[in-house]
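Following: one structure in C-alpha coordinates, then a few remarks.
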Amino acid sequence: MKTINLDYAAASPLDKKVLDKMLPFFTEHYGNPSSGHSLGEMPRKAVAEAREQVGSLLGAEARDIIFTASASESNNLAIKGLIAGGKKKGNHIISSEIEHFSVLNQLKTLRKQGFEVTLLPVDSDGLVDPEELRKAIKEQTVLVSIQAANPEIGTVQPLEKLASIAREKEVIFHTDATAAAGWLPLDLKKTEVDLLTLAGDQFYGPKGSAALYIKRGIRLVPQVEGGIQERGLRAGTENVPAIVGLGEAARLAHESLTDRSEAIAAIRDELKENLLTRVPYMHLNGHPDKRLPHNLNLSVEFVEGEALLMRLNMAGIMVSSGSSCTSQALKSSHVLAAIGLPPELAQGSLLFTLSERNKVEDIPYITEQMESVAALLRNMSPLYHKFLKEDQINA
Amino acid sequence: MPDYSDKVMDHFTNPRNIGELSEADGTGEVGNPVCGDMMKFTIKVKDNRIEDVKYLTFGCGAAIAVSSMVSEMAKGKTLEEALKITNKQVAEELGGLPGNKLHCSNLGADALHKAIEDYMEKHGIKSASAT
Ligand code: FES
(Lines give C-alpha, C1' and ligand atoms only; values in the text may rest on other atoms or scores of the structure.)
Protein backbone atom coordinates (compact mmCIF):
# COMPACT_ATOMS: atom_id res chain seq x y z
CA MET A 1 0.00 0.00 0.00
CA LYS A 2 0.98 3.54 -0.70
CA THR A 3 1.97 5.51 2.39
CA ILE A 4 1.63 9.25 2.59
CA ASN A 5 3.21 10.89 5.60
CA LEU A 6 1.51 14.12 6.63
CA ASP A 7 3.05 14.15 10.10
CA TYR A 8 6.56 15.37 9.31
CA ALA A 9 6.72 17.66 12.33
CA ALA A 10 6.78 14.53 14.49
CA ALA A 11 9.77 13.19 12.56
CA SER A 12 11.36 13.95 9.21
CA PRO A 13 13.94 11.97 7.27
CA LEU A 14 17.40 13.52 7.09
CA ASP A 15 18.33 15.40 3.99
CA LYS A 16 20.76 13.09 2.16
CA LYS A 17 23.32 15.89 2.01
CA VAL A 18 23.09 16.26 5.78
CA LEU A 19 23.67 12.57 6.28
CA ASP A 20 26.68 12.55 3.94
CA LYS A 21 28.21 15.40 5.87
CA MET A 22 27.66 13.66 9.19
CA LEU A 23 28.88 10.16 8.40
CA PRO A 24 32.68 10.70 8.50
CA PHE A 25 32.34 12.08 12.02
CA PHE A 26 31.15 8.73 13.34
CA THR A 27 34.08 6.69 12.12
CA GLU A 28 36.91 8.67 10.55
CA HIS A 29 36.90 12.02 12.30
CA TYR A 30 35.63 10.59 15.55
CA GLY A 31 37.98 12.65 17.70
CA ASN A 32 37.06 14.81 20.64
CA PRO A 33 37.10 18.54 19.86
CA SER A 34 38.69 19.17 23.26
CA SER A 35 41.74 16.98 22.53
CA GLY A 36 45.11 18.66 22.29
CA HIS A 37 46.36 16.24 19.66
CA SER A 38 45.61 16.15 15.98
CA LEU A 39 42.55 13.87 16.25
CA GLY A 40 40.67 16.74 17.76
CA GLU A 41 41.41 19.09 14.93
CA MET A 42 38.85 18.03 12.30
CA PRO A 43 35.96 17.74 14.75
CA ARG A 44 36.90 21.10 16.27
CA LYS A 45 36.88 22.75 12.87
CA ALA A 46 33.61 21.07 11.93
CA VAL A 47 31.89 22.29 15.11
CA ALA A 48 33.15 25.81 14.43
CA GLU A 49 31.82 25.64 10.88
CA ALA A 50 28.44 24.42 12.09
CA ARG A 51 28.31 27.31 14.52
CA GLU A 52 28.90 29.70 11.63
CA GLN A 53 26.17 28.02 9.60
CA VAL A 54 23.56 28.21 12.35
CA GLY A 55 24.57 31.81 13.00
CA SER A 56 24.09 32.64 9.32
CA LEU A 57 20.60 31.16 9.30
CA LEU A 58 19.68 33.62 12.05
CA GLY A 59 21.72 36.60 10.96
CA ALA A 60 23.77 36.16 14.12
CA GLU A 61 27.43 35.71 15.02
CA ALA A 62 28.76 32.18 15.42
CA ARG A 63 29.94 32.92 18.96
CA ASP A 64 26.38 33.62 20.06
CA ILE A 65 25.26 30.06 19.28
CA ILE A 66 25.29 27.29 21.91
CA PHE A 67 24.62 23.71 20.87
CA THR A 68 22.24 21.56 22.89
CA ALA A 69 20.50 18.22 22.39
CA SER A 70 16.88 19.34 22.02
CA ALA A 71 14.63 22.36 21.77
CA SER A 72 13.34 21.45 25.22
CA GLU A 73 16.88 21.68 26.58
CA SER A 74 17.43 25.03 24.87
CA ASN A 75 14.19 26.35 26.35
CA ASN A 76 15.27 25.15 29.78
CA LEU A 77 18.69 26.74 29.50
CA ALA A 78 17.10 29.98 28.32
CA ILE A 79 14.47 30.29 31.03
CA LYS A 80 15.87 28.49 34.07
CA GLY A 81 19.36 29.57 33.15
CA LEU A 82 18.33 33.20 33.04
CA ILE A 83 16.23 33.12 36.19
CA ALA A 84 19.01 31.36 38.13
CA GLY A 85 21.46 34.09 37.22
CA GLY A 86 19.03 36.95 37.73
CA LYS A 87 20.03 39.80 39.99
CA LYS A 88 16.49 39.75 41.40
CA LYS A 89 15.23 42.82 39.70
CA GLY A 90 11.86 41.18 40.07
CA ASN A 91 9.95 37.93 39.94
CA HIS A 92 7.48 38.38 37.12
CA ILE A 93 7.58 36.38 33.88
CA ILE A 94 5.34 36.82 30.84
CA SER A 95 4.62 34.11 28.30
CA SER A 96 1.63 32.97 26.24
CA GLU A 97 -1.05 30.35 26.69
CA ILE A 98 0.00 28.44 23.57
CA GLU A 99 3.67 27.78 24.33
CA HIS A 100 5.25 24.33 24.16
CA PHE A 101 5.22 22.30 27.37
CA SER A 102 8.98 22.73 27.69
CA VAL A 103 8.20 26.39 28.40
CA LEU A 104 4.87 26.04 30.21
CA ASN A 105 6.02 23.33 32.61
CA GLN A 106 9.06 25.35 33.66
CA LEU A 107 6.80 28.29 34.35
CA LYS A 108 4.59 26.05 36.49
CA THR A 109 7.64 25.09 38.53
CA LEU A 110 8.77 28.70 38.83
CA ARG A 111 5.30 29.67 39.97
CA LYS A 112 5.61 27.17 42.81
CA GLN A 113 8.91 28.81 43.71
CA GLY A 114 7.17 32.14 44.14
CA PHE A 115 7.39 33.64 40.67
CA GLU A 116 4.44 35.48 39.25
CA VAL A 117 3.61 34.24 35.76
CA THR A 118 1.35 36.00 33.29
CA LEU A 119 0.24 33.89 30.34
CA LEU A 120 -1.01 36.17 27.61
CA PRO A 121 -4.17 34.98 25.88
CA VAL A 122 -4.40 34.64 22.11
CA ASP A 123 -7.23 35.52 19.77
CA SER A 124 -9.27 32.97 17.83
CA ASP A 125 -6.53 32.81 15.17
CA GLY A 126 -3.85 32.21 17.79
CA LEU A 127 -2.24 35.67 17.74
CA VAL A 128 -0.82 37.42 20.79
CA ASP A 129 -1.82 41.09 20.88
CA PRO A 130 1.36 43.19 21.26
CA GLU A 131 -0.60 45.78 23.20
CA GLU A 132 -1.50 43.10 25.73
CA LEU A 133 2.19 42.46 26.16
CA ARG A 134 2.86 46.14 26.65
CA LYS A 135 0.19 46.31 29.33
CA ALA A 136 1.40 43.18 31.08
CA ILE A 137 5.00 44.34 31.51
CA LYS A 138 5.69 45.86 34.88
CA GLU A 139 8.59 46.95 37.04
CA GLN A 140 9.17 43.39 38.30
CA THR A 141 9.12 41.72 34.87
CA VAL A 142 12.38 39.90 34.21
CA LEU A 143 11.55 37.82 31.15
CA VAL A 144 9.15 37.57 28.23
CA SER A 145 9.05 34.23 26.40
CA ILE A 146 6.82 33.99 23.33
CA GLN A 147 7.16 31.49 20.52
CA ALA A 148 7.82 32.62 16.95
CA ALA A 149 5.23 30.26 15.49
CA ASN A 150 2.97 27.61 16.91
CA PRO A 151 3.76 24.03 15.89
CA GLU A 152 0.15 22.92 16.17
CA ILE A 153 -2.02 25.62 14.61
CA GLY A 154 0.83 27.15 12.62
CA THR A 155 0.10 30.74 13.62
CA VAL A 156 3.09 33.08 13.22
CA GLN A 157 3.40 35.75 15.92
CA PRO A 158 4.28 39.38 15.23
CA LEU A 159 7.73 38.67 16.60
CA GLU A 160 9.40 41.92 15.61
CA LYS A 161 6.69 43.95 17.32
CA LEU A 162 6.70 41.81 20.46
CA ALA A 163 10.47 41.88 20.74
CA SER A 164 10.63 45.62 20.25
CA ILE A 165 8.13 46.23 23.04
CA ALA A 166 10.22 44.09 25.40
CA ARG A 167 13.36 45.96 24.36
CA GLU A 168 11.70 49.31 24.82
CA LYS A 169 10.76 48.28 28.37
CA GLU A 170 14.21 46.75 28.93
CA VAL A 171 12.93 43.26 29.57
CA ILE A 172 14.78 40.20 28.26
CA PHE A 173 12.97 38.51 25.38
CA HIS A 174 13.21 34.80 24.58
CA THR A 175 11.53 33.19 21.61
CA ASP A 176 10.99 29.51 21.04
CA ALA A 177 11.51 29.41 17.28
CA THR A 178 11.51 25.61 17.05
CA ALA A 179 8.61 25.47 14.59
CA ALA A 180 9.67 28.56 12.66
CA ALA A 181 13.43 28.17 12.17
CA GLY A 182 14.35 26.88 8.75
CA TRP A 183 10.94 27.88 7.36
CA LEU A 184 10.48 31.55 8.08
CA PRO A 185 13.16 34.17 7.58
CA LEU A 186 14.58 35.05 11.00
CA ASP A 187 17.01 37.93 10.89
CA LEU A 188 18.19 38.83 14.34
CA LYS A 189 19.79 41.98 13.01
CA LYS A 190 16.27 43.21 12.32
CA THR A 191 14.34 41.39 15.00
CA GLU A 192 16.40 41.86 18.11
CA VAL A 193 15.70 39.07 20.54
CA ASP A 194 17.91 38.11 23.46
CA LEU A 195 17.43 34.35 23.37
CA LEU A 196 16.21 32.06 20.61
CA THR A 197 15.61 28.31 20.54
CA LEU A 198 15.81 26.16 17.42
CA ALA A 199 16.05 22.45 16.61
CA GLY A 200 17.60 20.73 13.60
CA ASP A 201 15.06 17.92 13.29
CA GLN A 202 12.44 20.46 12.25
CA PHE A 203 14.28 21.26 9.02
CA TYR A 204 15.74 17.95 7.83
CA GLY A 205 18.59 17.87 10.34
CA PRO A 206 19.18 15.05 12.83
CA LYS A 207 17.16 14.41 15.97
CA GLY A 208 19.03 15.41 19.10
CA SER A 209 20.49 18.50 17.45
CA ALA A 210 19.43 21.92 18.69
CA ALA A 211 20.79 25.31 19.59
CA LEU A 212 20.23 28.36 21.70
CA TYR A 213 21.13 31.82 20.46
CA ILE A 214 22.31 34.00 23.31
CA LYS A 215 22.77 37.67 22.67
CA ARG A 216 26.03 39.07 23.93
CA GLY A 217 25.74 40.40 27.44
CA ILE A 218 22.97 38.03 28.53
CA ARG A 219 24.13 35.98 31.53
CA LEU A 220 22.89 32.42 31.86
CA VAL A 221 23.65 29.80 34.49
CA PRO A 222 24.43 26.38 32.94
CA GLN A 223 21.79 23.74 33.54
CA VAL A 224 24.24 20.93 32.82
CA GLU A 225 27.38 21.58 34.84
CA GLY A 226 30.73 20.00 34.23
CA GLY A 227 33.38 20.76 31.65
CA ILE A 228 33.86 23.98 29.76
CA GLN A 229 32.29 22.92 26.48
CA GLU A 230 30.00 25.47 24.83
CA ARG A 231 31.61 28.36 26.71
CA GLY A 232 30.88 26.59 29.97
CA LEU A 233 27.16 26.93 29.39
CA ARG A 234 26.51 23.32 28.52
CA ALA A 235 28.87 20.64 29.75
CA GLY A 236 29.35 17.29 28.04
CA THR A 237 31.39 16.01 25.13
CA GLU A 238 30.07 17.52 21.95
CA ASN A 239 27.85 15.31 19.80
CA VAL A 240 29.93 16.20 16.76
CA PRO A 241 27.93 14.32 14.09
CA ALA A 242 24.67 15.89 15.30
CA ILE A 243 26.22 19.35 15.42
CA VAL A 244 27.65 18.91 11.94
CA GLY A 245 24.22 17.76 10.73
CA LEU A 246 22.51 20.75 12.30
CA GLY A 247 25.02 23.07 10.66
CA GLU A 248 24.53 21.54 7.23
CA ALA A 249 20.73 21.53 7.60
CA ALA A 250 20.91 25.21 8.58
CA ARG A 251 23.09 25.97 5.57
CA LEU A 252 20.68 24.22 3.20
CA ALA A 253 17.66 25.91 4.76
CA HIS A 254 19.34 29.30 4.58
CA GLU A 255 20.31 28.76 0.96
CA SER A 256 16.82 28.00 -0.27
CA LEU A 257 14.49 29.22 2.45
CA THR A 258 12.10 31.21 0.30
CA ASP A 259 11.88 28.64 -2.52
CA ARG A 260 11.37 25.82 -0.09
CA SER A 261 8.68 27.61 1.85
CA GLU A 262 6.84 28.77 -1.22
CA ALA A 263 6.88 25.33 -2.82
CA ILE A 264 5.56 23.63 0.27
CA ALA A 265 2.95 26.33 0.95
CA ALA A 266 1.60 25.80 -2.58
CA ILE A 267 1.03 22.09 -1.89
CA ARG A 268 -0.41 22.84 1.54
CA ASP A 269 -2.85 25.38 0.06
CA GLU A 270 -3.96 22.96 -2.60
CA LEU A 271 -4.55 20.30 0.04
CA LYS A 272 -6.47 22.78 2.18
CA GLU A 273 -8.69 23.90 -0.70
CA ASN A 274 -9.45 20.35 -1.72
CA LEU A 275 -10.31 19.19 1.76
CA LEU A 276 -12.39 22.22 2.67
CA THR A 277 -14.41 22.08 -0.53
CA ARG A 278 -14.83 18.32 -0.84
CA VAL A 279 -15.41 17.31 2.77
CA PRO A 280 -18.39 19.03 4.35
CA TYR A 281 -18.26 20.50 7.87
CA MET A 282 -14.55 21.00 8.13
CA HIS A 283 -12.97 24.02 9.78
CA LEU A 284 -9.56 25.61 9.54
CA ASN A 285 -7.76 26.17 12.85
CA GLY A 286 -5.11 28.86 13.20
CA HIS A 287 -4.51 31.99 11.18
CA PRO A 288 -5.63 31.89 7.52
CA ASP A 289 -2.45 33.58 6.17
CA LYS A 290 -0.01 34.22 9.00
CA ARG A 291 0.96 30.61 9.32
CA LEU A 292 3.86 28.23 8.85
CA PRO A 293 4.12 27.17 5.20
CA HIS A 294 4.08 23.46 5.98
CA ASN A 295 1.31 23.45 8.55
CA LEU A 296 -2.40 22.74 8.17
CA ASN A 297 -4.81 22.19 11.05
CA LEU A 298 -8.40 21.22 10.36
CA SER A 299 -11.30 20.08 12.50
CA VAL A 300 -13.66 17.47 11.16
CA GLU A 301 -16.96 18.16 12.83
CA PHE A 302 -18.95 15.38 14.59
CA VAL A 303 -16.09 12.86 14.78
CA GLU A 304 -13.19 12.13 17.09
CA GLY A 305 -9.54 12.45 16.12
CA GLU A 306 -8.11 9.11 17.17
CA ALA A 307 -10.73 7.23 15.16
CA LEU A 308 -9.95 9.49 12.19
CA LEU A 309 -6.23 8.98 12.63
CA MET A 310 -6.61 5.17 12.79
CA ARG A 311 -8.85 5.04 9.74
CA LEU A 312 -6.52 7.27 7.74
CA ASN A 313 -3.59 5.17 8.88
CA MET A 314 -5.37 2.11 7.46
CA ALA A 315 -5.47 3.99 4.16
CA GLY A 316 -1.73 4.69 4.44
CA ILE A 317 -2.10 8.33 5.47
CA MET A 318 -0.31 9.51 8.61
CA VAL A 319 -1.56 12.53 10.51
CA SER A 320 -1.82 13.56 14.14
CA SER A 321 -4.62 15.00 16.25
CA GLY A 322 -5.19 17.32 19.20
CA SER A 323 -8.01 15.12 20.52
CA SER A 324 -7.92 14.20 24.20
CA CYS A 325 -8.29 10.55 23.20
CA THR A 326 -4.92 10.64 21.39
CA SER A 327 -3.06 12.10 24.36
CA GLN A 328 -1.53 9.91 27.04
CA ALA A 329 -2.92 12.21 29.70
CA LEU A 330 -6.38 12.23 28.02
CA LYS A 331 -6.29 15.98 27.86
CA SER A 332 -7.17 17.79 24.68
CA SER A 333 -4.79 20.34 23.22
CA HIS A 334 -4.19 23.45 25.34
CA VAL A 335 -3.55 25.36 22.12
CA LEU A 336 -6.98 24.57 20.67
CA ALA A 337 -8.57 25.47 24.01
CA ALA A 338 -6.70 28.79 24.02
CA ILE A 339 -8.10 29.79 20.62
CA GLY A 340 -11.55 29.07 22.01
CA LEU A 341 -12.31 26.04 19.88
CA PRO A 342 -15.36 24.18 21.27
CA PRO A 343 -14.40 20.79 22.78
CA GLU A 344 -16.23 18.76 20.08
CA LEU A 345 -14.22 20.50 17.39
CA ALA A 346 -10.97 20.05 19.30
CA GLN A 347 -11.80 16.32 19.47
CA GLY A 348 -12.04 16.23 15.69
CA SER A 349 -8.86 18.19 15.00
CA LEU A 350 -6.29 16.90 12.57
CA LEU A 351 -2.77 18.23 12.18
CA PHE A 352 -1.06 17.91 8.82
CA THR A 353 2.62 18.84 8.61
CA LEU A 354 4.20 18.57 5.20
CA SER A 355 7.72 18.10 3.94
CA GLU A 356 9.30 18.40 0.53
CA ARG A 357 8.53 14.73 0.01
CA ASN A 358 4.82 15.45 -0.25
CA LYS A 359 3.51 15.56 -3.77
CA VAL A 360 0.65 17.46 -5.27
CA GLU A 361 -0.31 14.26 -7.15
CA ASP A 362 -1.26 12.64 -3.84
CA ILE A 363 -3.86 15.24 -2.99
CA PRO A 364 -6.77 13.60 -4.85
CA TYR A 365 -6.15 10.32 -2.99
CA ILE A 366 -5.87 12.10 0.37
CA THR A 367 -9.08 14.02 -0.30
CA GLU A 368 -10.92 10.89 -1.39
CA GLN A 369 -9.85 9.05 1.74
CA MET A 370 -10.76 11.97 3.99
CA GLU A 371 -14.17 12.11 2.39
CA SER A 372 -14.91 8.45 2.93
CA VAL A 373 -13.39 8.26 6.42
CA ALA A 374 -15.34 11.31 7.58
CA ALA A 375 -18.57 9.92 6.09
CA LEU A 376 -18.02 6.52 7.65
CA LEU A 377 -17.36 7.88 11.14
CA ARG A 378 -20.15 10.41 10.91
CA ASN A 379 -22.52 7.63 10.03
CA MET A 380 -21.90 6.22 13.52
CA SER A 381 -21.70 9.54 15.34
CA PRO A 382 -24.53 10.48 17.72
CA LEU A 383 -23.57 14.14 17.24
CA TYR A 384 -24.00 13.91 13.49
CA HIS A 385 -27.37 12.14 13.74
CA LYS A 386 -28.56 14.78 16.20
CA PHE A 387 -27.38 17.50 13.85
CA LEU A 388 -29.23 15.93 10.90
CA LYS A 389 -32.45 15.72 12.90
CA GLU A 390 -32.22 19.34 13.99
CA ASP A 391 -31.42 20.31 10.44
CA GLN A 392 -34.56 18.59 9.21
CA ILE A 393 -36.68 20.33 11.81
CA ASN A 394 -35.24 23.69 10.88
CA ALA A 395 -35.70 23.10 7.16
CA MET B 1 -1.89 5.20 18.21
CA PRO B 2 -2.11 2.84 21.18
CA ASP B 3 -1.27 -0.84 20.88
CA TYR B 4 -4.67 -2.36 20.35
CA SER B 5 -5.38 -6.09 20.29
CA ASP B 6 -6.40 -7.77 17.03
CA LYS B 7 -9.91 -8.10 18.42
CA VAL B 8 -10.14 -4.36 19.05
CA MET B 9 -8.81 -3.64 15.57
CA ASP B 10 -11.32 -6.07 14.08
CA HIS B 11 -14.29 -4.41 15.80
CA PHE B 12 -12.94 -0.95 15.01
CA THR B 13 -12.48 -1.82 11.35
CA ASN B 14 -15.79 -3.65 10.97
CA PRO B 15 -18.06 -2.36 13.66
CA ARG B 16 -21.22 -4.49 14.04
CA ASN B 17 -24.76 -3.17 14.55
CA ILE B 18 -24.15 0.52 13.86
CA GLY B 19 -27.14 2.81 13.85
CA GLU B 20 -30.21 3.88 15.72
CA LEU B 21 -33.41 1.83 15.93
CA SER B 22 -36.26 4.00 14.74
CA GLU B 23 -38.86 2.57 17.06
CA ALA B 24 -36.68 1.69 19.99
CA ASP B 25 -38.10 0.17 23.15
CA GLY B 26 -35.31 1.62 25.20
CA THR B 27 -32.67 4.32 24.72
CA GLY B 28 -29.51 4.91 26.74
CA GLU B 29 -27.11 7.78 26.25
CA VAL B 30 -23.88 8.39 28.16
CA GLY B 31 -21.06 10.89 27.96
CA ASN B 32 -17.53 10.14 28.98
CA PRO B 33 -16.42 12.54 31.70
CA VAL B 34 -12.76 11.69 31.14
CA CYS B 35 -12.41 12.78 27.54
CA GLY B 36 -15.80 14.14 26.48
CA ASP B 37 -16.95 11.38 24.17
CA MET B 38 -20.39 9.82 23.92
CA MET B 39 -22.39 6.71 23.10
CA LYS B 40 -26.05 6.08 22.42
CA PHE B 41 -27.63 2.61 22.54
CA THR B 42 -31.12 1.74 21.32
CA ILE B 43 -32.74 -1.65 21.92
CA LYS B 44 -35.72 -3.67 20.77
CA VAL B 45 -37.13 -6.05 23.35
CA LYS B 46 -39.27 -9.12 22.69
CA ASP B 47 -40.33 -11.64 25.33
CA ASN B 48 -37.92 -10.14 27.82
CA ARG B 49 -35.02 -10.62 25.41
CA ILE B 50 -32.93 -8.10 23.54
CA GLU B 51 -34.05 -8.78 20.03
CA ASP B 52 -32.09 -6.03 18.38
CA VAL B 53 -29.51 -3.48 19.47
CA LYS B 54 -27.84 -0.62 17.72
CA TYR B 55 -25.51 2.15 18.80
CA LEU B 56 -23.92 5.42 17.78
CA THR B 57 -20.49 6.35 19.11
CA PHE B 58 -18.43 9.52 19.13
CA GLY B 59 -15.08 8.45 20.48
CA CYS B 60 -11.72 6.82 20.05
CA GLY B 61 -10.86 3.49 18.44
CA ALA B 62 -11.35 1.68 21.75
CA ALA B 63 -14.74 3.30 22.31
CA ILE B 64 -15.94 2.22 18.88
CA ALA B 65 -14.69 -1.35 19.40
CA VAL B 66 -16.30 -1.43 22.85
CA SER B 67 -19.70 -0.39 21.57
CA SER B 68 -19.53 -2.93 18.78
CA MET B 69 -18.55 -5.69 21.24
CA VAL B 70 -21.26 -4.72 23.73
CA SER B 71 -23.88 -4.87 20.98
CA GLU B 72 -22.77 -8.37 20.05
CA MET B 73 -22.70 -9.53 23.65
CA ALA B 74 -26.15 -8.13 24.39
CA LYS B 75 -28.01 -9.45 21.36
CA GLY B 76 -30.32 -12.33 22.24
CA LYS B 77 -29.72 -12.08 25.98
CA THR B 78 -32.53 -11.68 28.51
CA LEU B 79 -32.69 -8.27 30.12
CA GLU B 80 -31.36 -9.68 33.39
CA GLU B 81 -28.44 -11.32 31.64
CA ALA B 82 -27.65 -8.18 29.67
CA LEU B 83 -27.71 -6.10 32.83
CA LYS B 84 -24.98 -8.33 34.20
CA ILE B 85 -22.55 -7.53 31.39
CA THR B 86 -19.70 -5.68 33.05
CA ASN B 87 -17.12 -3.29 31.69
CA LYS B 88 -14.48 -5.77 32.71
CA GLN B 89 -16.06 -8.55 30.67
CA VAL B 90 -16.23 -6.28 27.65
CA ALA B 91 -12.55 -5.42 27.94
CA GLU B 92 -11.71 -9.12 28.37
CA GLU B 93 -13.75 -10.13 25.34
CA LEU B 94 -11.79 -7.56 23.36
CA GLY B 95 -8.53 -9.20 24.34
CA GLY B 96 -7.72 -6.41 26.79
CA LEU B 97 -7.40 -2.66 26.42
CA PRO B 98 -4.37 -0.41 26.96
CA GLY B 99 -4.33 1.03 30.49
CA ASN B 100 -5.33 4.55 29.59
CA LYS B 101 -8.17 3.23 27.42
CA LEU B 102 -9.91 1.18 30.10
CA HIS B 103 -12.21 4.09 30.86
CA CYS B 104 -13.64 3.82 27.33
CA SER B 105 -15.05 0.39 28.20
CA ASN B 106 -17.15 1.95 30.97
CA LEU B 107 -19.11 3.84 28.39
CA GLY B 108 -20.36 0.76 26.53
CA ALA B 109 -21.90 -1.28 29.31
CA ASP B 110 -23.27 1.88 30.96
CA ALA B 111 -25.07 2.98 27.82
CA LEU B 112 -26.54 -0.49 27.31
CA HIS B 113 -27.70 -0.67 30.94
CA LYS B 114 -29.30 2.73 30.62
CA ALA B 115 -31.22 1.60 27.55
CA ILE B 116 -32.47 -1.49 29.43
CA GLU B 117 -33.44 0.59 32.46
CA ASP B 118 -35.26 2.98 30.18
CA TYR B 119 -37.25 0.08 28.80
CA MET B 120 -37.98 -1.30 32.28
CA GLU B 121 -39.10 2.05 33.54
CA LYS B 122 -41.47 2.49 30.62
CA HIS B 123 -42.94 -0.92 31.32
CA GLY B 124 -43.05 -0.62 35.06
CA ILE B 125 -40.53 -3.41 35.59
CA LYS B 126 -38.37 -3.13 38.67
CA SER B 127 -34.95 -4.65 38.57
CA ALA B 128 -32.85 -5.47 41.56
CA SER B 129 -29.73 -5.99 39.52
CA ALA B 130 -29.88 -2.65 37.72
CA THR B 131 -26.67 -0.76 38.23
S1 FES C 1 -13.30 7.67 24.03
FE2 FES C 1 -11.73 9.12 24.51
S3 FES C 1 -10.08 7.85 24.99
FE4 FES C 1 -11.59 6.44 24.40
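Just so it is clear: chains get the letters A, B, ... in the order the sequence lines come, proteins before strands, and each one is counted from 1.
At most 12 non-hydrogen atoms from other residues, nucleotides or ligands lie less than 6.0 angstrom from NZ of A/Lys386. Within a 6.0 Å sphere centred on CD of B/Glu72, other residues, nucleotides and ligands contribute more than 12 heavy atoms. Counting heavy atoms of neighbouring residues, nucleotides and ligands inside a 6.0 Å radius, atom NZ of B/Lys114 does not exceed 12 of them.
Neither the backbone nor the side chain of A/Tyr384 comes within less than 4.5 Å of any heavy atom in chain B. Within the 4.5 angstrom heavy-atom criterion, no atom of B/Lys54 approaches chain A. Looking at B/Ala62, the atoms closer than 4.5 Å to chain A (heavy atoms on both sides) all sit in the backbone: N, CA, C or O. Of the atoms belonging to B/Thr13, heavy atoms from both backbone and side chain fall under 4.5 Å from chain A. Contacts between B/Pro15 and chain A at a heavy-atom distance below 4.5 Å involve the side chain alone, from C-beta outward. Residue contact with chain B, scored on non-hydrogen atoms closer than 4.5 Å, is absent for A/Ser321.
Within the 4.5 Å cutoff, no side-chain heavy atoms of B/Glu20 are placed close to those of A/Pro382. In this structure, the side chains of B/Lys40 and A/His385 stay at 4.5 Å or more apart for every pair of heavy atoms. When side chains are defined from C-beta on, B/Met38 does not count as touching A/Glu304, because their heavy atoms never get closer than 4.5 Å.
Summarising the geometry of A/Phe302 relative to B/Phe58, their closest heavy-atom pair is O-CD1, 3.2 Å, with the distance given to 0.1 Å. Taking all atoms of both residues into account, the shortest heavy-atom contact from A/Asn379 to B/Ile18 is O-CG2, 4.1 Å.
Within the model, atoms SG of B/Cys60 and CG of A/Leu330 stand 8.5 Å from one another, a figure rounded to the nearest 0.5 Å. Once rounded to the nearest 0.5 Å, the distance linking CD of A/Glu344 with CG of B/Asp37 reads 10.5 Å. Rounding to the nearest 0.5 angstrom, the gap separating the CG atom in B/Leu56 from the OG atom in A/Ser381 is 7.5 Å.
A/Glu306 places a side-chain N or O within 3.5 Å of a backbone atom of B/Gly61 that can act as its donor or acceptor partner.
A cation-pi arrangement is present between A/Arg311 and B/Phe12, with the terminal nitrogen or guanidinium carbon under 6.0 Å from the aromatic centre and inside a 45° cone about the axis.
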